Structure formats: structure tokens, C-alpha cells
Amino acid sequence: MRTKVLEIDPLNINIEIIKQAAEVINNRGLVAFPTETVYGLGANALDPKAVAGIFEAKKRPLDDPLIVHISDISDLDTLVEEVPPQFHKIVDRFWPGPLTIVLKKTDKVPDIVTTGLETVAVRMPSNVIAKEFIKAAGCPIAAPSANLFSRPSPTTAQHVMEDLEDKIDIVLDGGKTEVGIESTVIELVGERVIVLRPGGITLEELSSLAGEVEISMPGPLDNTPGKYPKHYSPKAKVVLIPDTRDQKEKTLHVIEALGNKGKVFGILAKQEHAADYKNANVKVLGPVNDSKICASRLFGLLREFDSEGVDVIISESIPEKGLGQAVMNRLRKAAGPLENFLNFFHPHN
Ligand code: TXA
Ligand code: MG
């Protein structure tokens, strides 16, 4: 199939384009669309054949469940059996927005969406194009990020095309996404709020509303986000430099070592350090105290390094505050096991 890229202005939505995308969904097709976090690859969540197309296009393993996107709270009736006590307080504050909630599913949700789990992950995006598209489709939209499995999530329509050109019907091009990192995934167990994946809603925001939140670190057999250790990985090897006072010296040391080895490398640096890495291929993640900028740039910069064909990305860690938590979660996954870093400094171990 030939993928159509349809530009759409979020400030002046062309309803004819939305209708065209909705029609594709109702004919079991696939539509990539912008959300406030990253681009999603959507299909009718209630149609198992349509959803199967998502897994095929992305080459996604069939045991990695999808998020179902809704445009109105009443859409939950079809999807969800019951909601826990704090549910309404939480969605009143954070929906529409970058928060995904895992809830007990009805039998109307096909097994392929949830990979056989009893629960379904639901989110109401705030992006106006996403909202209008879901509303026009008239069904809940199952959508993972619109990238090939194990590549960084797409924050532009061009990223989607790099990975999925001619594998999907339409890309709605609404420009660069605002947050740049995926939604926070939570589970509500009784009174407890358990974070399965840090993301666009920060832990600080969640706990200011819901009290203490727990963070669940998924094991290799869990059906939770991140069970695939190299989930968000660029093609290059990623070496993380810890966020310590001597970070700049450590980074310079790694630059020298890689240079001596003849490696082609790039540096993902804090804005405050970038000028000190002269003659190197430096990209600025953002100011150390602006985790929003860092989040919005992360995936695009990883893709830029990939397209330049670097062997190694040296990345400076940023403080784990605000969106810094989600940024570091994605960078750690891109780096793979912590041993990568330790081996680098202690090659004889
Ligand atoms: O911001 C986002 O969340 C984007 C946009 C498109 O909405 N979507 C996204 O989807 O990041 P995806 O498929 O790349 O990540 C969804 C994560 C998966 O890692 C999956 O394991 C988890 O949500 N998930 C889905 N259903 C679940 C469930 N029933 N229980 C636990 N985790 C679940
Ligand atoms: Mg993804």
C-alpha cells in the first residue's frame, strides 16, 4: 500500500481530512496520528483483525499489550468493567492528558489488544487532532507508539514515515508533538497508585494529588511496560555518564577513550556542558533544569544520531526530577543493562 501523509493544522482542523482517516479505521485500516506525547499507530480497538495489522506493521511481539485511546469518559463503558475508588479524582485532574490507567476489562475488548490480560490500559489524549480523530472514528482506538519495535518513539510525522512508510494507510501530520515522551502508565490497586512506566505526568504531579505513589520495576516475565530490556533503543550503543559533579571530566575521558579506539561517536550533552566538548559531534538535550525541553528533544536526537550512523552515543544523565525521571528511564533502556557503563570504565572485569 502507499502511505498518504495528510497535513493537518491543529489550530484550524480540516474536518474532511479527519473524516478520511476515520473511514480508513472503519475499513480495518491503520492511521498514525499525533498525540501530545508521541505519534500513535491506530486501529479500531474492538476489531481483532484491524488490531492484528498494528502488530504486523510494527513487527511488535504479540505479548506486548496496547493502549486504548478514548475521546469521552462515556467510552469507558464498553471497555471497562469497574473503576477503582480514586479513579475519578485522578482523571478529573489528568484527563485528557499523558496518563494511561490500567483497568479491569470487559469481554468486548479483544484478547489481541491486551495480549490475554484481564486488564486494559486506557488513555484520553489531549491533542486536538487525536480527539477529533477518535470521535469521528466512533470507536475506541488501540494505538502503540508509531515506530518499528525497538526504535525510539516518533515525535514527528517524518519519524513515522522512516519506520512505517507503505506499511500503513495514513499519517496525520500535525507537526512535532509537545511532550515528546510517552504517557505515564499507572495501575490503581485499592487505595494504592502504582507507576508501571514513568512518562508525561510526573511523579510529583501524581503524588501531589494522590499521596504517596509506588514505582513498580517490571521483571522479565511481567506483562508490564519495559519488559523488553532494549525497548527504546537506537541503533548505536548508548553509554550513560552519571549525573555527578565530575560528569564533564568523565565525559571528556570517555570521548578520549573512544577517539583512541577510532569509534564514530556522538554526545548527547547538557546545554551547560556542550561548549566544552570541542570538535566532537555534540547535540544539546537541554538545560539541566528544564526537563521539559530535554523530554521533547530526546527521541528526535537519538534518531538523528542513528541516521548519521554513529557507533556510540555518549549521553550525560540529567537529574531525575520532573520529566527527568521519564527521560532517564528511556535512556537507561536505550543503554541496556547497567553493565555497559561499568564495563566501559573497568574493561578488565
Ligand atoms: O503516550 C503514549 O502512551 C503513546 C501514545 C501513542 O498514546 N503510546 C505508547 O504505547 O507509548 P506503547 O504501546 O508504545 O506502550 C504502551 C505500554 C506498553 O509497554 C505495555 O506494556 C503497557 O503500556 N500496557 C498496555 N496494556 C497494559 C496492561 N493491561 N497492563 C500493564 N501494562 C500495559
Ligand atoms: Mg512504544
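Atom set for the values below is all heavy atoms of this structure, side chains included, hydrogens, waters and symmetry mates excluded. Computed from a predicted model, the values in this text were never measured in an experiment. In listed order, ligands and their atoms are each counted from 1.
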**Student:** Within ligand 1, which atoms have a heavy atom of Gly40 less than 4.0 Å away?
**Tutor:**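 Result: 6 (C).
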**Student:** Going by the order shown, which atoms of ligand 1 are within less than 4.0 Å of some heavy atom of His69?
**Tutor:**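 In order of number, 5 (C), 6 (C), 7 (O).
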**Student:** Mark up the atoms of ligand 1 that fall under 4.0 Å of a heavy atom belonging to Ser145, in ascending order.
**Tutor:**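 Counting atoms of ligand 1 from 1, those under 4.0 Å from Ser145 are 8 (N), 9 (C), 10 (O), 12 (P), 14 (O).
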**Student:** Looking at side-chain heavy atoms only, is the closest gap between Tyr277 and Ile267 below 4.5 Å?
**Tutor:**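 SC-SC contact between Tyr277 and Ile267 confirmed.
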**Student:** For the residue pair Phe133 and Phe33, categorise the inter-ring angle as parallel (less than 30°), tilted (30 to 60°) or perpendicular (more than 60°).
**Tutor:**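 Because their plane-to-plane angle lies in the 30° to 60° range, the rings of Phe133 and Phe33 count as tilted.
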**Student:** Check ligand 1 against Leu117 and write out every atom of the ligand that is under 4.0 Å from a heavy-atom position of the residue.
**Tutor:**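 Heavy-atom distances to Leu117 below 4.0 Å select 28 (C), 29 (N), 30 (N).
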**Student:** Can you tell me if Lys105 contacts ligand 1 (heavy atom of the residue under 4.0 Å from the ligand)?
**Tutor:**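 Judged by the 4.0 Å heavy-atom criterion, Lys105 does not count as contacting ligand 1.
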**Student:** Taking 4.0 Å as the limit for heavy-atom contacts, which would you say applies to Thr119 with ligand 1: side chain only, backbone only, both, or neither?
**Tutor:**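 Within the 4.0 Å criterion, Thr119 contacts ligand 1 through backbone and side-chain atoms alike.
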**Student:** If the threshold is 4.0 Å, N to carboxylate O, is there a salt bridge linking Glu205 and Arg93?
**Tutor:**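 Arg93 and Glu205: not salt-bridged.
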**Student:** How many angstroms lie between atom CG of Asp243 and atom CE of Met328, to the nearest 0.5 angstrom?
**Tutor:**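 Asp243 atom CG to Met328 atom CE measures 7.5 Å (nearest 0.5 Å).
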**Student:** Please could you name the atoms of ligand 1 that Asp64 approaches to less than 4.0 Å, counting only its heavy atoms?
**Tutor:**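 The atoms of ligand 1 under 4.0 Å from a heavy atom of Asp64 are 18 (C), 19 (O), 20 (C), 21 (O).
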**Student:** Is the closest side-chain donor-acceptor distance between Thr155 and Arg303 under 3.5 Å?
**Tutor:**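 No - no donor-acceptor pair under 3.5 Å links their side chains.
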**Student:** Between Ser183 and Arg197, do the side chains contain an N or O donor and an N or O acceptor separated by less than 3.5 Å?
**Tutor:**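 Yes, Arg197 and Ser183 have a side-chain donor paired with an acceptor closer than 3.5 Å.
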**Student:** Taking a cutoff of less than 4.0 Å between a non-hydrogen atom of the residue and any ligand atom, is Glu187 in contact with ligand 1?
**Tutor:**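 Flag not set, Glu187 not near ligand 1.
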**Student:** For the residue pair Glu304 / Ser307, report whether a side-chain donor-acceptor contact shorter than 3.5 Å exists.
**Tutor:**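 No donor-acceptor contact under 3.5 Å links the two side chains.
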**Student:** Check this for me - ligand 1, Lys58, N or O atoms closer than 3.5 angstrom, yes or no?
**Tutor:**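 No: no nitrogen or oxygen of Lys58 is under 3.5 Å from one in ligand 1.
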**Student:** Strictly below 4.0 Å, N to O, side chains only: are Lys108 and Glu81 in salt-bridge contact?
**Tutor:**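 Salt bridge between Lys108 and Glu81, a charged N being under 4.0 Å from a carboxylate O: no.
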**Student:** Using 2.8 Å as the threshold, say whether any N, O or S atom from Ser145 sits that close to the Mg ion (ligand 2).
**Tutor:**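 Coordinating: yes.
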**Student:** If we only consider heavy atoms of Thr114, is any one of them less than 4.0 Å away from an atom in ligand 1?
**Tutor:**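 No, Thr114 has no heavy atom closer than 4.0 Å to ligand 1.
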